[in-house]
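Predicted model, so just to flag it, every value in this text is computed and none were measured. The figures here come from the full heavy-atom set of this structure, side chains too, leaving out hydrogens, waters and symmetry mates.
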Amino acid sequence: EEVVENMRLHELRVAPVPADFLTKQEVISDKMRSILVDWLVEVHLKFKLTAESLLLTVQLLDRFLAAKSVQRSQLQLVGVTCMLLASKYEEIYAPEVRDFEYVSDNSCPRDSILRMEQTVLNVLTDDIKQFWGTSDQDTARVAAWVIPADMATSAPSLRRFNRKQL
């Protein structure tokens, strides 16, 4: 509980998500987000992930929804992708992409998850740097770790990094 409280306080100090973060959304409502977060809690329990992974998942989800409009058909994909990223960062043994494919009843195929992972990282690069206090080089290392090599070189915000630097 102390870790969770410290993470929440850190978020409020460093980079709070605006209270009206869903205003950018044309289709997604509070209720839809709430249903997704409830489902993500179930997935979190199924995979036996840490509380930090769940908190980071919701943090990434909210920041992404604040920054980019999402279609209803893509909402579960965004949620699954945020959980994949969070678990890669927080977990010792993170679930694999195929695990997220399975838990979504194959409604989120591997290629879609990987493409959305790249999109989330591109959209949230500045937030990640601000929240974790990372440099461009650190961000590039994280990106190299979480996305496949062929996608890292095509990501606009990551093109300036040589793969060998990572």
Q: Please check if the side chain of Ser112 supplies one atom and the backbone of Cys108 the other of a donor-acceptor pair under 3.5 Å.
A: no
Q: Search all heavy atoms of Val80 against all heavy atoms of Phe100 and return the closest pair with its distance.
A: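 So the minimum-distance heavy-atom pair works out to CG1-CB, 3.4 Å.
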Q: Minimum heavy-atom separation for Leu84 to Pro95, with atom names?
A: CD1-O, 3.8 Å
Q: Just verifying a value: how many Å separate Leu61 CG and Leu85 CG, rounded to the nearest 0.5 Å?
A: 11.5 Å
Q: With respect to Leu65, which candidate in Leu36, Thr23, Leu60, Val70 satisfies the side-chain contact (heavy atoms from CB on, under 4.5 Å) definition?
A: Val70
Q: Specify the closest pair of heavy atoms between Lys68 and Gln25, including all atoms of both residues, with the distance to one decimal.
A: O-NE2, 2.7 Å
Q: Kindly say whether Gln59 contributes a backbone atom to a donor-acceptor pair with the side chain of Asp62 at under 3.5 angstrom?
A: no
Q: If two hydrophobic side chains count as joined below 4.5 Å and joins carry through other members, does Met83 share a cluster with Val41?
A: yes
Q: Dump the intermediate steps for side chain to side chain contact (heavy atoms under 4.5 Å, CB included) on Phe64 and Met116, then the final yes or no.
A: CA-CA 11 Å; Phe64 188 78; Met116 184 57 71; 4.2 Å; yes
Q: Output, in order, the C-alpha distance, side-chain angles, deciding distance and verdict of side chain to side chain contact (heavy atoms under 4.5 Å, CB included) for Glu42 and Leu45.
A: CA-CA 5 Å; Glu42 290 179 30; Leu45 293 171; 5.7 Å; no
Q: Could you measure the distance from the CG atom of Leu56 to the CG atom of Leu49? Nearest 0.5 Å is fine.
A: 11.0 Å
Q: Testing the 3.5 Å rule here: is there a donor-acceptor pair between the side chains of Ser53 and Glu91?
A: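 Looking only at side-chain atoms, Glu91 and Ser53 do form a donor-acceptor pair, the distance falling under 3.5 Å.
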Q: Which heavy atom of Cys82 sits nearest to which heavy atom of Thr57, and what is that distance?
A: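 Result for this residue pair: CB-O, 3.7 Å.
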Q: Working to the nearest 0.5 angstrom, can you tell me the gap between Ile92 CD1 and Ser87 OG?
A: 12.5 Å
Q: Could you verify whether a donor N or O on one side chain and an acceptor N or O on the other, from Gln76 and Ser107, lie under 3.5 Å apart?
A: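 Checked: Gln76/Ser107 side chains pair up, N/O donor to acceptor below 3.5 Å.
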Q: Using only atom types and a distance under 3.5 Å, with no angle test, would you say the side chain of His44 pairs donor to acceptor with the backbone of Leu54?
A: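 Not at all, since once roles are kept as given, no pair shorter than 3.5 Å links the two residues.
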Q: Please examine the side chains of Val43 and Trp39, heavy atoms only from C-beta on, and report whether any two atoms are closer than 4.5 Å.
A: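 Yes, their side chains come closer than 4.5 Å.
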Q: With a 3.5 Å distance limit and no angle check, can you tell me whether Glu101 reaches the backbone of Arg110 through a side-chain donor-acceptor pair?
A: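 Yes, the answer is positive, given that a donor and an acceptor are paired below the 3.5 Å cut-off.
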Q: Would you say the ring centroid of Phe47 lies under 6.0 angstrom from that of Tyr93?
A: no
Q: After noting the C-alpha distance and the side-chain angles of Leu77 and Gln74, does the key distance pass the side chain to side chain contact (heavy atoms under 4.5 Å, CB included) rule?
A: CA-CA 5 Å; Leu77 175 62; Gln74 297 289 298; 3.3 Å; yes
Q: Let me confirm one number: the CZ-OG1 distance from Arg115 to Thr81, rounded to the nearest 0.5 Å.
A: 10.5 Å
Q: To the nearest 0.5 Å, what is the distance between CZ (Arg98) and CD1 (Ile113)?
A: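 Taking CZ in Arg98 and CD1 in Ile113, the distance rounds to 12.5 Å.
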Q: Check each of Lys31, Arg33, Met32 against Ile35 using the side-chain contact (heavy atoms from CB on, under 4.5 Å) test, and report the only one that passes.
A: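 Of the listed options, the one satisfying the test is Lys31.
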